[in-house]
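Notes follow once the structure below has been shown.
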Amino acid sequence: MTKTRPVFTIGVSTKMYFSYEKTLGYARAVAGLASSNPLVAGGLVELFVIPGYPAIPAVVEILAPSGVRVGAQDVSTDDSGALTGEVSAPMLGEIGCTLVEVGHAERRRLFGETEEVVQRKTAAALRNGLTPVLCVGEAARGSAAVAADEVIRQLRSALADAPAGSSVIVAYEPQWAIGAPEPAPAEHIIPVCTAVREALESDRRLADLRVIYGGSAGPGLLTVLAGAVDGLFLGRFAHDPAALGSILDEAAALL
Ligand SMILES: O=C(CO)COP(=O)(O)O
């Protein structure tokens with residue numbers, strides 16, 4: 001049987017907001033939402049959760065039966081070696097991750113992650129069978145055309161070493177819209193995501209490409225953006241499971 005390609009990909013990062021116990025409670029709530037949702041069960045909506053590292057194995061155990069994918073918030077450039085504090089893609093795969101965030105704006109801004117590092121982390125994820133959730137976005141608010149150029153440049157750099165057959169989730173996250181009261185306006189998001197898709201469509205190495213939006217995303221946004229994005233990458237505004245439930249209801253209404 002061929003696997004249904006999801007129409008929407010909806011992911012949540014808990015960043016460093018939650019304790020261990022709170023993370024597990026959240027995962028249980030998401031498992032409840034997912035297992036009672038026919039769209040998730042049928043593969044039309046793909047859900048993923050990205051908790052803090054120590055919670056990953058327990059979250060995998062909670063979410064695996066309901067088909068929710070689990071990822072990590074970062075990954076090492078290398079597969080093994082003297083890299084104290086780093087976590088390798090092979091180990092993330094061993095403990096049940098199927099995706100990893102690469103190049104989140106907070107990693108770039110607060111931890112000095114350069115484009116070269118983002119490129120190497122993307123390659124590490126892909127060579128180990130993990131889907132990179134490749135986070136890109138312009139630093140300052142400006143026109144959509146300038147943002148699109150910058151984001152496409154970041155993507156080409158990040159994907160420089162991507163092998164043929166790569167599956168990639170691009171998370172377009174304008175840096176100025178992260179941690180803000182509201183997401184970027186739809187008139188900004190839609191042309192940027194459309195330009196990204198057009199730019200990468202001809203890249204024959206990409207077997208599967210999803211383009212999702214993140215940055216103060218929450219209930220209501222999927223409806224506004226549907227057709228232009230493949231889904232959302234959520235932070236604060238989905239940390240209440242009820243909000244995630246209402247986004248799943250939106251997805252159902254759109255399908
Ligand atoms: O960075 C984000 C997801 O990775 C978005 O976070 P917020 O929705 O909390 O702004």
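Index from 1, following the sequence. In listed order, ligands and their atoms are each counted from 1.
- In this structure, D78 pairs ionically with R120, as a charged nitrogen and a carboxylate oxygen lie closer than 4.0 Å.
- Judged by distance alone, with hydrogens and angles left aside, the side-chain atoms of Y20 form no donor-acceptor pair with the main-chain N or O of G52 at under 3.5 Å.
- On a distance-only criterion, I178 and ligand 1 share no N/O pair closer than 3.5 Å.
- Within the set G179, A217, P183, the minimum heavy-atom distance to atom 10 (O) of ligand 1 is found for G179.
- Checking only distances, R236 does come within under 3.5 Å of ligand 1, N or O to N or O.
- In this structure, atom 3 (C) of ligand 1 lies nearest to the protein heavy atom E173 OE2, 3.1 Å.
- Ranked by closest heavy atom to atom 8 (O) of ligand 1, the top entry among A238, S216, A171, G218 is S216.
- Judged purely by atom type and a 3.5 angstrom limit, N128 has no side-chain atom pairing as donor or acceptor with the backbone of L130.
- Backbone and side-chain nitrogen or oxygen atoms of Y17 are examined, and none is located within less than 3.5 angstrom of a nitrogen or oxygen of ligand 1.
- Note on ligand 1: F233 sits in its first shell, one or more heavy atoms being nearer than 4.0 Å.
- E113 has a carboxylate O that lies under 4.0 Å from a charged side-chain N of K121, or vice versa, which qualifies the two as a salt bridge.
- For E182, the CD atom is loosely surrounded, since the number of other residues' heavy atoms within 6.0 Å does not exceed 12.
- The 12-atom threshold is not exceeded at CD of E61, counting heavy atoms of other residues, nucleotides or ligands nearer than 6.0 Å.
- Atom 1 (O) of ligand 1 has H104 NE2, 2.7 Å as its closest protein atom, hydrogens excluded (heavy atom only).
- A salt bridge is absent between E101 and K15: the closest approach of a Lys/Arg side-chain nitrogen to an acidic carboxylate oxygen does not fall below 4.0 angstrom.
- Atom 6 (O) of ligand 1 has K15 NZ, 3.1 Å as its closest protein atom, hydrogens excluded (heavy atom only).
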